[in-house]
**Student:** 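The structure is given below, and queries will be raised subsequently.
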Amino acid sequence: MKSGIHPSYHYVVYRDRSAGFSFLTRSTATSDRTVEWEDGNTYPVLDVEISAASHPFWTGKQRLLDTAGRVEKFRAKYGLTTPQ
């Protein structure tokens with residue numbers, strides 16, 4: 001392996017705040033924020049919006065993503081009624 005051309009491969013904690021789930025793995029990703037892990041060591045932490053712990057495919061629970069009311073705005077714009 002040629003030296004000096006590969007990125008640093010180190011331990012990183014990925015954290016899904018919506019599910020309260022985190023795991024320690026190795027990655028080339030970096031972060032300025034750190035977290036103290038269960039083993040007492042401090043690792044860089046990367047927050048993700050979705051993981052297997054919160055994705056509807058893996059959890060079997062459907063989550064409503066339209067929180068801004070875009071569907072209602074679209075229906076009002078084109079004069080559509082809500083489905084019964």
Side-chain angles (χ1 to χ4, degrees):
M1 185 162 73
K2 191 172 183 179
S3 65
I5 64 169
H6 300 285
S8 172
Y9 189 63
H10 50 272
Y11 285 100
V12 175
V13 173
Y14 282 89
R15 181 173 54 192
D16 184 356
R17 288 186 176 253
S18 64
F21 176 72
S22 58
F23 60 94
L24 177 67
T25 187
R26 295 188 69 159
S27 175
T28 58
T30 60
S31 174
D32 294 335
R33 290 174 284 156
T34 59
V35 66
E36 185 172 333
W37 190 243
E38 299 164 355
D39 61 3
N41 294 325
T42 302
Y43 299 104
V45 62
L46 296 167
D47 290 326
V48 293
E49 293 183 12
I50 196 160
S51 70
S54 62
H55 193 279
F57 181 81
W58 300 107
T59 61
K61 298 176 186 173
Q62 187 171 2
R63 185 169 70 166
L64 182 61
L65 297 176
D66 180 37
T67 58
R70 291 188 209 150
V71 173
E72 288 78 16
K73 288 180 185 176
F74 176 82
R75 290 186 184 284
K77 181 177 180 180
Y78 294 104
L80 302 173
T81 60
T82 58
Q84 300 300 325

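Everything quoted here is computed from the prediction, not taken from an experiment. Along the sequence shown, the residues carry numbers beginning at 1. Values below: all heavy atoms of this structure, side chains included; hydrogens, waters and symmetry mates excluded.
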**Student:** Mind checking whether Y11 and L46 sit in one hydrophobic cluster, side chains of I, L, V, M, F, W, Y counted as touching below 4.5 Å?
**Tutor:** no
**Student:** Please find the pair of heavy atoms, one from P56 and one from I50, that lie closest to each other, and give the distance.
**Tutor:** CD-CD1, 4.3 Å
**Student:** Give the cluster check for V48 versus V12: same hydrophobic cluster or not, with ILVMFWY residues linked at side-chain heavy-atom distances below 4.5 Å.
**Tutor:** yes
**Student:** With sequence neighbours left out, write down each residue that passes ring pair (Phe, Tyr, Trp, His ring centres under 6.0 Å) with F74, or none if nothing qualifies.
**Tutor:** Y78
**Student:** Taking the side chain as every heavy atom from C-beta outward, state whether P44 and T30 have any atom pair closer than 4.5 Å.
**Tutor:** no
**Student:** Taking only residues two or more places apart in sequence, or in another chain, which ones meet Y14 in a side chain to side chain donor-acceptor pair (under 3.5 Å)?
**Tutor:** S27
**Student:** With sequence neighbours left out, what residues match R26 under salt bridge (Lys or Arg N to Asp or Glu O under 4.0 Å)?
**Tutor:** none
**Student:** Name all residues meeting the side-chain contact (heavy atoms from CB on, under 4.5 Å) criterion together with S3; count only those two or more places apart in sequence or in a different chain, and write none if there are none.
**Tutor:** none
**Student:** Name all residues meeting the side chain to side chain donor-acceptor pair (under 3.5 Å) criterion together with H10; count only those two or more places apart in sequence or in a different chain, and write none if there are none.
**Tutor:** S8
**Student:** Among pairs that include at least one residue of residues 1-24, which meet salt bridge (Lys or Arg N to Asp or Glu O under 4.0 Å), considering only residues two or more places apart or in two chains?
**Tutor:** R15-D47, R17-D47
**Student:** Could you identify which residues cluster with W58, counting Ile, Leu, Val, Met, Phe, Trp and Tyr as linked when any side-chain heavy atoms lie under 4.5 Å apart, either directly or through a chain of such contacts?
**Tutor:** F57
**Student:** Who pairs with T34 by side-chain contact (heavy atoms from CB on, under 4.5 Å), at least two apart in sequence or on another chain?
**Tutor:** T42
**Student:** List for me each residue that meets side chain to side chain donor-acceptor pair (under 3.5 Å) alongside D32, sequence neighbours excluded, and say none if there are none.
**Tutor:** none
**Student:** CZ/R75 to CD/E72 distance, rounded to the nearest 0.5 angstrom?
**Tutor:** 8.0 Å
